[in-house]
Amino acid sequence: MLQTTKKTIIKETAKKMVSRENKKAALHDKLQLLRSVTNSHATKDSSILIDASKYIEDLKQKIDILNEDIARSSSYSWPMDLNQVTVETLEKGIQVNVYSERSCPGLLVFVLKVFEEFSLNVLEARVSCTGSFQLEALGVESEENGETIDTHLVKQAVLQAIQDWNESNDQE
């Protein structure tokens, strides 16, 4: 009976040792994974953890900066950012591009009024109003009007049309 108890104790001790070795190996693997994720060149376990902590702090700072940028951009009001309205001179007329990340019901009418004011005929247009607003239009000068159209004036008129549209939507 004493012999059986010794064998049982030895087996349990061996199992515990194997279990400890497995846990140690698993911890080592996790530290190496952490090392690779954080681009750490450290070899000591404690140094890997310090590098990971610094990495996390850097990520937190980046998140704070991005949240501030988001807050600033969401508080930005119309008219659209100038990068979202472009007017270019082409061989056959002018190309007008208007883009907004949000849907803008009725904005197309305001922009087309600008074409009418400048006596531009729309030769070709692509419009998308689902989820966002995107307009690409090719306008040519009407034959009655012999003047060359100033793209800067057209752009300013489109921006004003967007402002007018925005104000009319605010009133509703």
Side-chain angles (χ1 to χ4, degrees), residues 29-42 47-172:
D29 290 344
K30 289 178 182 177
L31 281 170
Q32 293 308 310
L33 180 62
L34 183 61
R35 181 176 177 241
S36 68
V37 167
T38 59
N39 295 320
S40 172
H41 298 292
S47 298
I48 294 171
L49 292 173
I50 290 170
D51 287 349
S53 177
K54 289 178 184 175
Y55 182 78
I56 290 168
E57 286 301 315
D58 288 344
L59 289 177
K60 285 181 180 178
Q61 286 178 347
K62 288 178 182 178
I63 289 171
D64 289 342
I65 290 169
L66 289 173
N67 284 335
E68 289 172 8
D69 289 347
I70 289 170
R72 259 187 259 121
S73 68
S74 65
S75 66
Y76 182 77
S77 62
W78 289 76
M80 291 181 177
D81 186 3
L82 294 179
N83 294 329
Q84 295 176 313
V85 176
T86 60
V87 179
E88 301 172 27
T89 304
L90 301 176
E91 225 177 275
K92 297 181 181 180
I94 62 168
Q95 175 80 33
V96 177
N97 296 308
V98 180
Y99 176 76
S100 171
E101 289 182 1
R102 65 180 185 155
S103 179
C104 303
L107 178 58
L108 180 60
V109 174
F110 282 81
V111 175
L112 290 178
K113 284 181 183 176
V114 171
F115 276 74
E116 193 175 297
E117 289 169 11
F118 282 90
S119 301
L120 289 170
N121 294 323
V122 179
L123 279 186
E124 194 177 308
R126 279 184 244 150
V127 180
S128 174
C129 300
T130 51
S132 63
F133 179 85
Q134 185 170 358
L135 165 69
E136 296 176 19
L138 173 62
V140 293
E141 302 169 44
S142 76
E143 293 175 11
E144 307 156 0
N145 186 3
E147 301 173 17
T148 305
I149 304 237
D150 183 357
T151 56
H152 181 71
L153 289 176
V154 173
K155 182 174 184 174
Q156 292 306 313
V158 170
L159 289 169
Q160 184 60 51
I162 292 168
Q163 184 68 38
D164 294 345
W165 171 83
N166 189 48
E167 288 172 5
S168 73
N169 281 338
D170 285 345
Q171 293 172 359
E172 292 176 2

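- Using modelled atom types and a 3.5 Å distance limit, the side chains of Gln61 and Glu57 yield no donor-acceptor pair.
- No side-chain heavy atom of Arg35 sits less than 4.5 Å from a side-chain heavy atom of Asp51.
- Remark: Glu136 CD to Tyr99 OH distance equals 12.0 Å, nearest 0.5 Å.
- Side-chain contact between Ile162 and Val158 is present, with heavy atoms from C-beta onward closer than 4.5 Å.
- Here the straight-line distance linking atom CG of Asp64 with atom NZ of Lys60 works out to 9.0 Å at 0.5 Å rounding.
- Closest approach of Ser103 to Cys129, counting heavy atoms only: OG-O, 3.4 Å.
- Scanning all heavy atoms of the two residues, the minimum distance from Trp165 to Leu107 falls at NE1-N, 3.4 Å.
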From CA spacing to verdict: side chain to side chain contact (heavy atoms under 4.5 Å, CB included), Glu141, Leu120: CA-CA 5 Å; Glu141 302 169 44; Leu120 289 170; 4.2 Å; yes
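- Annotation for Phe115 and Gly139: closest pair CE2-CA, 3.8 Å, computed over non-hydrogen atoms.
- Glu88 approaches Thr151 most closely through the heavy-atom pair C-CG2, 4.0 Å.
- For the atom pair CG (Leu49) and OG (Ser40), the distance works out to 9.5 Å, reported to the nearest 0.5 Å.
- Looking only at side-chain heavy atoms (C-beta outward), Ile56 and Thr38 stay at 4.5 Å or farther from each other.
- The shortest non-hydrogen separation linking Val114 to Ala161 is CG2-CB, 3.7 Å.
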Step-by-step side chain to side chain contact (heavy atoms under 4.5 Å, CB included) determination, Thr86 to Gln95: CA-CA 8 Å; Thr86 60; Gln95 175 80 33; over 6 Å; no
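- Annotation: the span from Asn97 atom CG to Leu138 atom CG amounts to 10.5 Å, rounded to 0.5 Å.
- The number of heavy-atom neighbours closer than 6.0 Å to CD of Gln32, taken from other residues, nucleotides and ligands shown, is above 12.
- Note that CD1 of Ile48 and NE2 of His41 are 12.0 Å apart. Values are rounded to the nearest 0.5 Å.
- When every heavy atom of Val85 is checked against every heavy atom of Lys155, the shortest pair comes out as O-CE, 3.1 Å.
- To the nearest 0.5 Å, atoms CD (Gln163) and CD (Gln156) are separated by 12.0 Å.
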